[in-house]
Each structure stands twice: as structure tokens, then as C-alpha cells.
Participant: 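Here you go, one structure.
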Amino acid sequence: MPAPTTSTYFGVPGYLFLWLFTLLSFSLFGYRVFHYVRVLKRARPENRWDQPIKRVWLFLTHVLGQRRLFNEPVIGIAHLLIFWAFIFYATSFFWNLLKGLLPFTPIPYADEVPWMAFALEILGVLALVSLLVAAVRRYVFTPPHLKLSWDATLILCLIAILLLSFLGGQGFKALGEGHRSSWMPVGTFIAQIFTALGVSPVQAPSLFLWAWWIHMVTVLGFLAYLPYSKHLHLLASPFGVLFASLSRGRMPAGSEGASQLEEFTWRQLLNGLTCAECGRCDRACPAFNSGFPLSPQRMVHHIKELVRAAPVLTSGLATGNESHSGKKFLGEVVRPEELWACMTCYACMERCPVFNEHIPLIVQMRRHLVSQGQVDQRLQETLVNLTRYGNSFGQSDRARARWTQGLPFKIKDARREPVEYLWFVGDYASYDPRAQEITRTVSMLFHEAGLDFGILYESERNAGNDVRRVGEEGLFELLVEKNIATLKRCTFGTIVTTDPHTYNTLKNEYPDFGASYPVMHYTELLWRLIQERRLPLRAKVTTRVTYHDPCYLGRYNGVYEEPRRVLRALGVELVEMPRNRDRALCCAAGGGRIWMEDCLGIRERPSESRVREAAALTGVSTLVVACPKDLVMFLDAVKTTGYEGKIAVQDLVQLVAEAVQPGSLCKEEPTRVLAAKAA
């Protein structure tokens, strides 16, 4: 075959044309990438260089292995094949580019190396099939909220052209050289097709040159267009994964909020550049799917447009507080009601294949709204209560332990005597009448197991998990300071809590303030006690139940199995809801939503959708929860959906109590009756 760049075209050597195209392509590419780098440098710093081994592993599994895409196996396999074809074809391109620009070097072209030609041919065919699968999914069986655009169509066409031009070139090469090669199985097969179509070996060399130049110019055009297109994520997403947050349970600290470009961190702005616009976050978001005015995908798109608009600023002193449309970013482009709709359930971040961090973005902007006093009236009242009384109910701190009255034993005061387990009870478990009987039952089970435990009585304050996610960072730090001061005066081994929200912040965020303690959720402790036979199961609970995974226990902290092991140990028949474990639907209490009014125009509350999902399971009579907020939300939802008498909502501990000492552990009346009265 003739050498593509030593051949002459219009009397000019081919390598000069290649130099011209390369300089043009790399200039356009470099200009745009340089501007993006400049924009990110204008943002606030953020350390994402810690734990390099974990980051490399994350890169290997989620960039090279595309792990998160395998939640949808067919498109996951297709995407993986396209990705690895991209890797090999990019390698081949730069290899051939070097040879083409410097044709007198002794290195061969990539397709002249047998093993490389073989890999490119096989991957090329697999990638074409995968591309067809992706196109059918995109245009025929379009997933909800997948963003369709001419830009995406153009990119698919460019990928198809570069694959077809290479494979066609291999066919012309095999036809022109007139021999079969086991290293060119696809090229040999295509040559036979060309022969059947009447293409002669004499025509093959010139057609090979056409295919080679079409391939190289297409790739150079693709490279130049890439940083201006939606497929910018091909460049940015590997960095998004590499610099992902390694702690799900933490929110960024040290900020008073963000309303303009310079107030976000560089990693938060990078979210916009890495977004693939696949719609997975919207499909997972309980707020979006209930009709709340929040789209996680649109939120990240706004960040992308903010970054794209930034390079047109002429002064280094100018601030990026406007979008490409000239509107004020926070307030006009991103509306406050969108931000307040978020339930911080982590579903969007769990599903995002490029590890975008939607919740920190939202919390950053919430902080600014809080600092400006742009807060829902009911939420404002709750924040005042938390400031004055240390709890969201606005009740006296002396009433926090009122639920202990009438117990047949005295719970230790952990402030005055050492305990093995310090029980951090939490607001809802302490104050809400619907949760107080659950709290009493937990205490009696701990007592039955001979557990050495105590509580903080009136010295306990709200742990601050949802306060922080509402955006009141100052109040969060105040609550943390008071709780840590109390904890330092106590002697204990492990903190246990019944509230997943409390569990999350004590475990993941308090260590940043110098308070690192072992923390357990009560379901983890119950399973340990059952295993150690310290909690005897005297009766079998023969009922058919389903279990709801709390967001802050499951998605945030990966505690999925312990509650299920406890349920199986009791003898119940556990039936899983379609959305379970990391795909469980949020109850809508998180992120402070439980303290806010519902938005107008929503179709159905997430808690109501969840109750319907549970009630649809054949023979299931009980929805089991492991969070006091879940209990409150689902008890209300059972009423509003009309499922009273059809499905009961019970805390897991109530079933444990039935197995341990049915009818006598809580002497006043059986726990099922208590649950009915509370409802």
C-alpha cells in the first residue's frame, strides 16, 4: 500500500497537509481546554489528592471497568466495548499521527503491526455493534430524561465514520495486497465483499488512501470539536472519577455558601464538565419524579453553562455570577425552590457513572440562601428552635428524656458514670409521640440483653446532620461543639443510635472536629447481640414483611445486611420491594425536608409512592423501618393513601420485641397495639 503522507496531492507532500490539519485541530482543542483550566483555577481550592491508592482503584474500576454502567447490563457492555475501542483507536491514531507527521522515521504505521491491526479490527466490529445498540436505545427505546440533541447525534456519526473508515481501509489493503492474513480477519472478509461489488485490486491503493485520510481528518475534527461539545465528558470524566469524594457521609466545610463561580470549589465546577447528560440522576431522584421543581441533571447543566460563560469575562477582577444568558446565576438561573426540593438522599450521586457530586453543589448554594435569610418560614422556625433549645421540636431540653418515665429500670446517666454503650437517642426518637414507644422498646431490649448503656439526658443536642444539609453551617458547628463538649466528659466505648441521620454525622463528620468514636446503628448492635445469644429469641415471628432501607443508613453508609439478618433470625418472611438497597426510594424526610412545607403542584409525595410500592407486594402486611423519621413519614403516608388496615408500619425493634418476650417485654400492652395507637 502507498504511504499516505509521502504520497503527493496537488503536487504537495501529504505530510504537509497533515501538519496543517494537526496544528489547526490541536490549536482549537488546546485553546478551549486552556480556558477551562483557567476557570477552574479561579474557583476555591479543595484537597482531592488524599488516599492515592483508593483513587487509583476507583479509576481502575469505574473508568477502565465502567462498573456503574453495569446497573443496566446491555448498555453497560456496549459502553465498555465502545470505551475500550476508543482507547485502542486513540492509541492507533496518535501512533499513525506521529508516523504521518514524520514519515521518514523507521517506525511502522499502527495497522502494519499484526497484533495491533487484529485488535483494532475486532474492537472496531464490536464497537460498531455496540454503537448500534446505543443508537437504538437512544432513539427508539429512549430512557426517561435522557437528553436528546443534535450534538449527541453528530458525535455518534463521527464515531461511526472513524470506525468504518478504518475497517474499510483494512478491506482495501487486503484487496490490494491480494493475500489472506489471520491477523486481518475482518479486512479479509471486507475485501471479499468489495470484490463482489466489483472493486478491483488496481483501484484498492487509491481507495485505501481515501479511507486513511477520511479516518485521520475525522479524528482530528472530533478532537477539535470535543471540548466544545456535550462529549467533553470523555475528557473530563476520568478526572471526575479520580478526584471523587471518598467519604459519602461528609459535606464540604469552610464555606459560607456559593452564588457565583469563584465561591464554588474547582471540584464542584468540574461536575459541569464531566456530565454525560445521561439522565440517570433524574431517573433516580425522588424529588424530580414526584413533581418537585428539582432536576439534578439540569442543576449540573447550569454549572456547565456557568463555566462556559466564564472565559468571556475580560477582567481578572470580574466575578462569574452570570450564566451564558446574562441572568443572575443563583436566583434566576438556579431558583431557590429547586434547591429546597432536594432530600439529600444520595440517589443521584449513587447512580451517576462519572461520580458527579450534586448534593454538595446544592448545599453550597443553600448556605448562601440561609446567609441571606431566604428560608421557608417553617424551616426558619425550626432553626430558631435548634438554636434555642438544641432540638427541632422547640421543647425544653429537660423533656428530652421524658420517654424514660415509667420504665421498670433506671437508664444510666452517661455523664455521671462509665458505660460501654452511649446511646445518642436523637430528636425524633426522644420527642415525637409516634416514636417514643419505639425508643422505650429499644431500651427494654438493651436491658434484657444486659447491655451496659446510658444516655446524655438533657445534655444531648441535635447531632446536626440535617442542619448542615439545610445550609446552616454555623448552627451545625455550634451543635457539634456542644455535643463534643458533653461527650468529652463521658467515659464510654461505643456510641449507638437509632437515628440513621445522627449515625451518619457522628460517624463521618464529627471526626473532622476531633471527635472520632466507634459508632453503631441499633440494627448492627441488635444483630451482634443475637449472634452472641445475649438477646434470646423465644418465639418465632410468622409474618410476611418488606423492609425499607433508610438513605443515611444504606446509601450513605452501606448498612444493608444487618437489618435483614435480624429479620431473618426472627423467622419473618422478607419480601423485597422492587427498589431496595442502594436503589431504595427516599421517604423525603432528609436534607431538612421534614421541616419544610410541601411544594405546590407535586404529583405524589415520595413516602406515599413508597407505601404503594410496599402495599403492592403479595401477602405483605408490614412495612418495616429502622429510622424514626421513616416511621413518622410512612405512618402519615399510610393515612393519606388510604392504606390504613391494609399495611402496617412498624419499626424493626417492635418485631424483635415480639420474638424476645411477646406480650410481656412491654407490660402495658403488646407492641403491635402500641403501633396502632401511635398511628
Participant: Taking the side chain as C-beta and beyond, is there a heavy-atom pair between Met116 and Thr91 under 4.5 Å?
Facilitator: yes
Participant: When rounded to the nearest 0.5 angstrom, what distance separates CZ in Arg44 from CD in Gln268?
Facilitator: 7.0 Å
Participant: Does any N or O in the side chain of Asn96 come within less than 3.5 Å of the main-chain N or O of Tyr109, such that one atom is a donor and the other an acceptor?
Facilitator: no
Participant: How far apart are the closest heavy atoms of Ala310 and Val39, and which atoms are they?
Facilitator: CB-CG2, 3.6 Å
Participant: List for me each residue that meets side chain to side chain donor-acceptor pair (under 3.5 Å) alongside Glu477, sequence neighbours excluded, and say none if there are none.
Facilitator: none
Participant: For a 4.5 angstrom cut-off between non-hydrogen side-chain atoms, does Glu72 reach Arg137?
Facilitator: yes
Participant: Under 3.5 Å, is there a donor-acceptor pair between the side chain of Ser25 and the main chain of Thr22?
Facilitator: no
Participant: Output every pair passing ring pair (Phe, Tyr, Trp, His ring centres under 6.0 Å) with a member in residues 215-263, not counting sequence neighbours, ordered by first then second residue.
Facilitator: Trp49-Phe243, His231-His233, Phe243-Trp266
Participant: Considering residues at least two apart in sequence or located in another chain, which fulfil the side chain to side chain contact (heavy atoms under 4.5 Å, CB included) criterion with Ala287?
Facilitator: Cys285, Phe292, Leu294, Met343
Participant: Where the side chain of Gln170 meets the backbone of Val186, is there a donor-acceptor pair that is under 3.5 Å apart?
Facilitator: no
Participant: Tell me whether the count of non-hydrogen atoms from other residues, nucleotides or ligands lying under 6.0 Å of CD1 in Ile53 goes above 12.
Facilitator: no
Participant: Does a side-chain heavy-atom distance below 4.5 Å link Leu132 with Leu128?
Facilitator: no
Participant: Specify whether Phe329 and Phe264 have parallel, tilted or perpendicular ring planes, treating 30° as the upper limit for parallel and 60° as the lower limit for perpendicular.
Facilitator: perpendicular
Participant: I want to check something: taking the side chain as every heavy atom from C-beta on, are Asp282 and Pro296 in contact at a cut-off of under 4.5 Å?
Facilitator: yes
Participant: Could you note down all residue pairs passing ring pair (Phe, Tyr, Trp, His ring centres under 6.0 Å) where residues 10-34 supplies at least one of them, sequence neighbours left out?
Facilitator: Tyr31-His35
Participant: Would you mind telling me which of Leu80, Leu81, Val74 makes a side-chain contact (heavy atoms from CB on, under 4.5 Å) with Ile77?
Facilitator: Leu81
Participant: Looking at Arg298, I want to see if its CZ is surrounded by more than 12 non-hydrogen atoms of other residues, nucleotides or ligands under 6.0 Å.
Facilitator: yes
Participant: Tell me, do Arg55 and Arg48 make a side-chain contact under 4.5 Å, heavy atoms counted?
Facilitator: yes
Participant: Determine whether Glu350 and Arg280 make a side-chain contact, defined as any pair of heavy atoms from C-beta on separated by less than 4.5 Å.
Facilitator: no
Participant: If you look at every heavy atom in Val354 and Thr274, which pair is closest and at what distance?
Facilitator: CG2-O, 3.5 Å
Participant: Take Leu175 and Thr195 through the test side-chain contact (heavy atoms from CB on, under 4.5 Å) and record every step on the way to the result.
Facilitator: CA-CA 8 Å; Leu175 178 61; Thr195 300; 3.3 Å; yes
Participant: What pairs with Asn289 under side chain to side chain donor-acceptor pair (under 3.5 Å), at least two apart in sequence or on another chain?
Facilitator: none
Participant: Check whether any side-chain N or O of Arg469 sits under 3.5 Å from a backbone N or O of Asn465 as a donor-acceptor pair, and report yes or no.
Facilitator: yes
Participant: Please check this pair: side chain of Arg583 against backbone of Arg351, looking for a donor-acceptor N/O pair closer than 3.5 Å.
Facilitator: no
Participant: Would you check if Pro293 and Trp340 make a side-chain contact, meaning some heavy-atom pair closer than 4.5 Å?
Facilitator: no
Participant: Quick one: pull up CG in Leu58 and NZ in Lys54 and give me the separation to the nearest 0.5 Å.
Facilitator: 10.5 Å
Participant: Kindly indicate, with the supporting measurements, whether the criterion ring-ring contact (aromatic ring centres under 6.0 Å, His included) is fulfilled by Tyr9 and Trp213.
Facilitator: CA-CA 12 Å; Tyr9 309 88; Trp213 280 102; 5.6 Å; yes
Participant: For Gln203, is there any backbone N or O sitting under 3.5 Å from a side-chain donor or acceptor partner on Ser206?
Facilitator: yes
Participant: Quick check: does any side chain N or O of Gln66 sit under 3.5 Å from a backbone N or O of Val63, one acting as donor and the other as acceptor?
Facilitator: yes
Participant: Give the C-alpha distance, both sets of side-chain angles, the deciding distance and a yes or no for side-chain contact (heavy atoms from CB on, under 4.5 Å) between Leu24 and Leu220.
Facilitator: CA-CA 9 Å; Leu24 179 61; Leu220 287 170; over 6 Å; no
Participant: With distance as the sole test, does Ser92 use its side chain to make a donor-acceptor pair with the main-chain N or O of Phe88 at under 3.5 Å?
Facilitator: no
Participant: Heavy atoms, side chains only, cut-off 4.5 Å: are Lys304 and Glu277 in contact?
Facilitator: yes
Participant: Rounded to the nearest 0.5 Å, what separation is found between the CD1 atom of Ile214 and the CG atom of Leu162?
Facilitator: 12.0 Å
Participant: Would one find more than 12 heavy atoms of other residues, nucleotides or ligands at under 6.0 Å from atom CD of Glu332?
Facilitator: yes
Participant: Is the count of non-hydrogen atoms from other residues, nucleotides or ligands lying under 6.0 Å from Arg250 atom CZ greater than 12?
Facilitator: no
Participant: Measure across Arg138 and Ala152 and return the closest heavy-atom pair with its distance rounded to 0.1 Å.
Facilitator: NH1-CB, 3.6 Å
Participant: Return the minimal non-hydrogen interatomic distance between Gly100 and Thr5, and the atom names on each side.
Facilitator: O-OG1, 3.0 Å
Participant: Asn504 and Asn557: side-chain contact (heavy atoms from CB on, under 4.5 Å), yes or no, with the steps?
Facilitator: CA-CA 7 Å; Asn504 178 71; Asn557 289 286; 3.2 Å; yes
Participant: Rounded to the nearest 0.5 Å, what separates atom CZ in Arg42 from atom CD in Glu262?
Facilitator: 4.5 Å
Participant: Do you know the tightest heavy-atom contact between Gln374 and Pro336?
Facilitator: OE1-CG, 4.1 Å
Participant: When you measure from the side chain of Arg367 to the backbone of Glu473, do you find a donor-acceptor pair of N or O atoms at a distance under 3.5 Å?
Facilitator: no
Participant: As a quick check of understanding, evaluate side-chain hydrogen bond (donor to acceptor under 3.5 Å, both in side chains) for Thr505 and Tyr552, giving each step before the final call.
Facilitator: CA-CA 9 Å; Thr505 198; Tyr552 279 93; over 6 Å; no
Participant: What pairs of residues pass the ring pair (Phe, Tyr, Trp, His ring centres under 6.0 Å) test when at least one of them lies in residues 57-86, not counting sequence neighbours?
Facilitator: His62-Phe355
Participant: In Å and rounded to the nearest 0.5 Å, what is the CD1 to CG distance from Ile107 to Leu98?
Facilitator: 4.0 Å
Participant: About how many Å separate CG of Leu28 and CG of Leu23, when rounded to the nearest 0.5 Å?
Facilitator: 11.0 Å
Participant: Start with the C-alpha distance between Met365 and Glu263, add both sets of side-chain angles, then the distance that settles side-chain contact (heavy atoms from CB on, under 4.5 Å), and finish with yes or no.
Facilitator: CA-CA 10 Å; Met365 288 184 275; Glu263 293 170 344; over 6 Å; no
Participant: Side chain of Arg366, backbone of Gly257: donor and acceptor closer than 3.5 Å?
Facilitator: no
Participant: To check you understand the geometry: which heavy-atom pair defines the closest contact between Ala85 and Leu123, and what is its length?
Facilitator: CB-O, 3.9 Å
